[in-house]
Each structure stands twice: as C-alpha cells, then as structure tokens.
Amino acid sequence: MTIKEFEELVLEKLKIVVDQIITENLELPISAKSRAGAEISDWLEEKFVEYTIDNDFFEGSEGAPKGSTKNPWDARTEFVLDGHKEEIWIDFKAFKITSADSNPDIGTPNKIIKLINEGNFYHAFIHVFYEATDNGLKFVKLNDSYSKLYFLKDISSTFRRNPKNQLQVNISAPSEYRTREEFIKLLMDKIKESHQRQIEISNKALKKQDEITEELLKANKKSEDDLTKKIQ
Amino acid sequence: MTIKEFEELVLEKLKIVVDQIITENLELPISAKSRAGAEISDWLEEKFVEYTIDNDFFEGSEGAPKGSTKNPWDARTEFVLDGHKEEIWIDFKAFKITSADSNPDIGTPNKIIKLINEGNFYHAFIHVFYEATDNGLKFVKLNDSYSKLYFLKDISSTFRRNPKNQLQVNISAPSEYRTREEFIKLLMDKIKESHQRQIEISNKALKKQDEITEELLKANKKSEDDLTKKIQ
Amino acid sequence: MTIKEFEELVLEKLKIVVDQIITENLELPISAKSRAGAEISDWLEEKFVEYTIDNDFFEGSEGAPKGSTKNPWDARTEFVLDGHKEEIWIDFKAFKITSADSNPDIGTPNKIIKLINEGNFYHAFIHVFYEATDNGLKFVKLNDSYSKLYFLKDISSTFRRNPKNQLQVNISAPSEYRTREEFIKLLMDKIKESHQRQIEISNKALKKQDEITEELLKANKKSEDDLTKKIQ
DNA sequence: GTACGGCCACATTTAAATGGGTTCGGA
DNA sequence: CTCCGAACCCATTTAAATGTGGCCGTA
Ligand SMILES: [Mg+2]
Ligand SMILES: [Mg+2]
Ligand SMILES: [Mg+2]
C-alpha cells in the first residue's frame, strides 16, 4: 500500500464513523441562535470515543479534556493497520449553513510543527453542517453529505496564516493531494509570507499613529465641550 | 453636573436595568458545556431592549442584528438628560466563573476610533457571570453582584492591543477614572506599543524559518520512511 | 531635460525590462481561470525585481509582499538619474486577448492622493496580454507589442471613478500627455463627477421608493380585501 | 462611457479561556 | 544569596463568521 492509499483508507474509515454518529442523532438540544461550534464539538468528541470503542481500525480514542479551551485536538485516535499504529488528530468544524460563507481558523501552525517533530503527521478536519431549530439544532447535508473530511496536509493551497497565528481556509476550498514533504515546504512558505505581510501592516499602522491621535483629540474637544455645556 | 458625575449616572442607571433583567431570569435554557458568551449576549440584547422601552433615561435601545457576527456593539441606546441625548454602546461579557481566569478580547481599537471621530465616546462593558447547570446555565454573583460595569475610557491601564487587533484586559482589573483626553492618548500609546511588539515577533519568526524547515524535513523523512515500510 | 522627456525616459527603460522578461518566458504554467490576473502579476513582480537588480536605471525594486491582496503597488522601484531617485509604482494588468473587451479597475483614488501628498507622482500601468494554452498560458502581442505602458497622469480622459471607489478605464483607451497639475485637477473633477452621479442614482432610487410603496399598498388593498371577503 | 457582477485571497471581527516569561518579594 | 511563589503583562489559542479591495470581464 502506498502512503496515499493509506491516507485515503484512514479518511474512509473515519467518515463511516462520523456519518453514523450524525445519522443516529440528527437533532441536538443545543441552542444555536449564534454559532454553536464549541458545543457541537464537545458533543461530537464524546460520541467519537463511544463509536470507536469497538472499531477494528481505531484504538485509544480520546476526546479533549472537558472544558479545555486550548487543546490542540478535539479528538485523537490511533489508526491500526497490520499492527502499525498511526496517531490521528481530529479537529471538528461545525458550520451553520444558513450563513453566507465561512473561513474558519483551522489551528495554530505551532501545533503542526510540534506534531511533525514528534514523528506524526495526520491531522484531519471533519466538517459538519447544521441549522438552528426551535429547540436546538439539526445536522444537515451539504453537497449530499453529512460530513466532509480531509487531512491538513492536503489542504487547498489557498490556505494562509492569519494575524491571529491561525491557519485559515475557506469552507469550500477543495483539497488537493500533495506529498508530506511538499506540505512542509508549503506550510513554511505560508508562514513566512504571513509574517512579511504583518510587518508591513504594523509599519503602516505606526506611520498613521500621530495623524489619528490628532484627529481624535480634535473630535473629542468638540464633543466633550458640547456635552459639558449640555449637562451644566 | 461634571462629566464625571454624568458618567457615573449613566452607569448607575444601566446597572439597575441589567440587575433587574438578571434577577428576574436567573436561569436560562442555554447549554454551556463550553463557553456560552454569544448565546448569553444574544439573550441579553433582546432583554435590554425590552427593559428599556419604558425607561426615563434610555431611549431608542437596539440589539445587534440577529445572527450578526461582527457588529461593533451588542446593544446601543441613548442616555437622555435635560433633553441631551448621549449615544451609549454596550458590550456584554459573560464569564463562566468556574474557569481559572479570563482575559477577554474587548473589541477592535478601530471601532473606538470611529466612535470618537463621530462625536461619541461612551462604550460600556457589562460583565455578567454564569455557571453551567444540568439543563442550561444560571447567572451567579461575583463579589456580591450580578453585574459589573465600566466604560472603556476608564479601563485599567493594564489593557493592551493584542495581535488579533483586539483590545484585551483581565476580568478582574479594576477600572480607574481618567479624562477623555487622557484615554485617547493612552489608547494610541497602547496601539503603538503593540505594533512595535508585533514587528519584533514577526522578525524573530522569520529568522527561525529555515531552521524549523530543516528540522521538519528531517523528522518527516524518518517518520515517513517508517510508515512506508510498515504498510508495504 | 524637461519633465516630459524624463517621463518618457522612465517608460522607455521600464518597457525594455518588461519586454525582456516576457520574451525570455513566453509560456507560463498558470491555468487561465479567473485568478489568472493575480497570478501573472505575482510572477511578473518577482521577475521585475530579478531583472532590475543589475540595471543602471532602477534601484531598490520590490514586489508586493506575497499574498497581499490590497497592496497599493504590484512592484515599486526607484528611477535613478544624475543621482536623483524618483519613486515609481507599478501596477501590472494582464488581459486575456480572446475576451471581447475589458475595463479593468485601476486602483483606488485614495492611494493616488497619498502618493502625491508624500511627494511622489509616478504610477505606471504595465499591460500584458495572454491566451490560454493546454498547460497554462502564453504571452501574446497586441498591436505588435508584448506590453503597453503609460503613467496614470497621462491616462485617457475617458477614465472615471466607479461606485466601488476604483478608477477605471478601457483597455484600449490611448494615453494623452498632460502636466502633473492638469492631472491633479482632472482627477479631482472625475472623483467629484462620480459622486454626483451616485447622488443622482440614490435620488432616483428614493423617488422610486414612494412609487413602489404606493403600488404595493394598492395591490395589497385589493388582495387583502379579496381574501377578507372570501373567508368571511 | 459607465455601472456592475463574479471571483477570491486575504484581514478583520466577533465569543473568552489558558499559559509562558519576567520580575519582585519573602523564606 | 537563591530558590520559590505570586503577581503581572502579555501572547496565544480556541469557536467561525463578514467585509474589503484588487482581479478583470460583461452588459
Ligand atoms: Mg474544532
Ligand atoms: Mg460582547
Ligand atoms: Mg495589478
């Protein structure tokens, strides 16, 4: 089996689990007037462990510690094949499909660097889709499927690092196969480009400082005088 | 009345409204296994409008458009005194008090610059506190109060601009009175300092690039070879 | 040397560089889809820096930071003559010559105002032309040339500001010499005219509003009456 | 001659926690 | 004097949307 075939196999087996979880639990009592990503992830994490307890391909599944807000994975598991165990990290992404578009943060580059340096590589995104209902939310299909999965290594080359130190990509950007080495080089390029842009941005902001300060002081003088008179 | 007395009056009247809202609705059916800020804010926004319809001091209250994710205020209203109307922006902050600590983002500096340039100034933070319950969440007191309010202009001088282009401050940082002009200068200083730090950070990151790339390629060579052999 | 002769010299030297870049790289592995313009520009930016490293007339050439989508220039350089250095901004425009026509946005007027206020003036457009091929695209000649260059200051007076706050001109509009002062006046006129057109548009829309309201109320009166009767 | 539409890569903005590094005082 | 703990000052990280401006083309 080639590496590529191995990767496809992992995603195939993962998708089966996720689709089953969703199909058997189409509605959740989670209020979703705003974005419900964290609550949905919390629920999925628990279910993922439950649904892989007895799975031939996955071993040692764990959800992120309850209440943790900075864990590098939502769930982790080991894919078992011919006695080999390959560490898999999972990041759930829950999209409210009534929104116009979405470009979620997809994690800090730092954790990816650590993951690879520790001898691992596989970080899977699992997209799920929902709509608010009267008493919570329901999962819905997008493009005929309850879930969409790909590995970070095969992410669309339109991904970038943003100023929050998060990688980011559009919800619809199609994944594209590349080798692990190609991904490493691409990732490092993207990080470099982003830092270069940031230096530009900060330099520009610094140049504008004095002008903005003047303007604010002037606007305030006027409005504060006004208020002072009115409340005498 | 001095400006300072005016400001204290606004906050006093605001606090009465908020405390009443909470006291009359101590429990909410909003799941809060993770952080429920957005859902709580959504609910408070609606209640704030409802509870100020018949208030002598507040006029024209509005909640943020439903589902909006980038609105500069959670609610806005006008404080009316002797015929003068003063624009007030409200940003709710909902803290899960079982957490160890909190340093919330408190908004982009850009919107503050716009607010002041448009002749306004008053941007109030309203802290509320909650705990998860079996079927949702309940509001709780912190330091004997259901809410804590202060204006951005009087924020603790420990606030900063972070790389997400958000101002930020610790939940417990005590507010300190200053003049409007003093605030403008302080704000602009903080923005400057932050951009200077960012340039440093990005420069350092750029220097490390090549080293990290080498390291990653090396780690990958090892782990990829390993995997290739195992799955043959 | 007159200002006019100076300007002609700059463009002449620029054209030599660009034509050389293209002649030596007639085909590019860039697929000619909607983003082709941006990608061709990326490539040209890099080449421009490379091809002016050892040029007697250009110094300090830079491409826009990679991935930056809002940079005011695609490339910048300094034209050196008798020790004087003149800042030159470059905006590449890549046209697919199989298309019927093109009226590209040519930049926001805001950046031109800034450029001039900072003591500079020269903003060159460099038109290049391409066709799709099986494995990417190839540069082609239009009117016997691989490139067409002119300064914004000499742009056809058919240029305008469009409602997106971008200047715009037809691909084929011939440039016409004018003085820097004449350009400033013309630019400001164009901006004014554009805003006036927009006011017209809004005024018309507002007028229509009332008309539409009438119409709707009338239509509804009829259908509501109708329904009321039917369900009595 | 002008508006406008689609595309799309990026920053920005919104929700609030943890955690790292430095500094300072006390044992 | 030195280690340790607490405090403090920040970045970082997590949840996913919208908005801007440049890209050219068509109408
Ligand atoms: Mg996730
Ligand atoms: Mg808020
Ligand atoms: Mg261009």
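Only heavy atoms go into these numbers, but all of them, side chains included; no hydrogens, no water, no symmetry mates. Only a predicted model underlies this, so the values are computations on that prediction, with no experimental measurement involved. A, B, ... follow the sequence lines: proteins, then strands. Residue 1 opens every chain.
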At under 4.0 Å between heavy atoms, what does [X] touch on the DNA or RNA strands: base, sugar-phosphate, or nothing?
| X | value |
| --- | --- |
| C:N170 | nothing |
| C:T108 | sugar-phosphate |
| B:E39 | nothing |
| C:D74 | sugar-phosphate |
| A:P163 | base |
| B:N165 | sugar-phosphate |
| A:A36 | nothing |
| B:G107 | sugar-phosphate |

Could you state the atom-to-atom distance from [atom1] of [X] to [atom2] of [N] in whole Å?
| X | N | atom1 | atom2 | answer |
| --- | --- | --- | --- | --- |
| C:L44 | E:dC23 | CG | P | 12 Å |
| C:R161 | D:dG1 | CZ | P | 19 Å |
| A:W89 | E:dT13 | CH2 | P | 12 Å |
| B:K66 | E:dA17 | NZ | P | 17 Å |
| B:K96 | D:dA16 | NZ | C1' | 11 Å |
| A:D91 | E:dT13 | CG | P | 14 Å |
| B:I106 | D:dT13 | CD1 | P | 14 Å |
| A:L167 | E:dA15 | CG | P | 13 Å |

Of the nucleotides [options], which one has an atom closest to the side chain of [X]?
| X | options | result |
| --- | --- | --- |
| B:Q168 | D:dT14, D:dA16, E:dG25 | D:dA16 |
| C:N103 | D:dT18, E:dG25, D:dC10 | E:dG25 |
| B:D101 | E:dT14, E:dC24, D:dT18 | D:dT18 |
| A:R160 | D:dA9, E:dA17, E:dA11 | D:dA9 |
| A:K93 | D:dA16, E:dA16, E:dG25 | E:dA16 |
| B:R35 | E:dT13, E:dG25, E:dA15 | E:dA15 |

> Taking for each residue the nucleotide of DNA chain D bearing the nearest heavy atom, is the 5' side occupied by A:S157 or by C:E193?
Replying inline: C:E193

>> Please compare A:S194 and B:N71 by the position of their nearest nucleotide in DNA chain D and report the one closer to 5'.
In response: A:S194

> Looking at A:N110, does any N or O in its side chain come under 4.0 Å of the phosphate oxygens OP1/OP2 on E:dT13?
Replying inline: yes

> Hey, is the side chain of A:S102 poking within less than 4.0 Å of OP1 or OP2 on E:dA17, counting only N and O atoms?
Replying inline: yes

> Taking atom P in both D:dT12 and E:dT12, what distance in whole Å separates the two?
Replying inline: 16 Å

> What are the two closest non-hydrogen atoms of C:I171 and C:H127, and how far apart are they?
Replying inline: O-CE1, 3.7 Å

Within the side chain of [X], is there an N or O that forms a donor-acceptor pair under 3.5 Å with the backbone of [Y]?
| X | Y | result |
| --- | --- | --- |
| A:E176 | A:S157 | yes |
| A:E131 | A:T98 | no |
| C:K96 | C:A132 | no |

>> On DNA chain E, does the nearest nucleotide to C:G37 precede the nearest nucleotide to A:K70 from the 5' side, or the other way round? Give the residue.
In response: A:K70

> Quick one: on DNA chain E, does C:S99 or A:F92 contact a more 5' nucleotide (nearest heavy atom)?
Replying inline: A:F92

Counter-base of [N], judged by Watson-Crick or G-U geometry with both distances under 3.5 Å:
| N | answer |
| --- | --- |
| E:dA6 | D:dT23 |
| D:dA15 | none |
| D:dC10 | E:dG19 |

Report yes if a donor N or O on one partner sits less than 3.5 Å from an acceptor N or O on the other, where the partners are the side chain of [X] and the base of [N]; otherwise report no.
| X | N | result |
| --- | --- | --- |
| A:K164 | E:dT12 | no |
| B:D105 | D:dA16 | yes |
| A:K111 | E:dT13 | no |

>> If you define the side chain from C-beta out and look only at heavy atoms, does anything of B:L206 sit under 4.5 Å from A:I199?
In response: yes

> Do C:N71 and C:R76 get their side chains close enough for a donor-acceptor pair, meaning under 3.5 Å?
Replying inline: no

>> If only side-chain N and O atoms count, and only distance matters, is there a donor-acceptor pair under 3.5 Å linking A:E45 with A:S41?
In response: yes

>> Once you measure the plane-to-plane angle for A:F129 and A:F95, does it fall in the parallel (<30°), tilted (30-60°) or perpendicular (>60°) bin?
In response: parallel

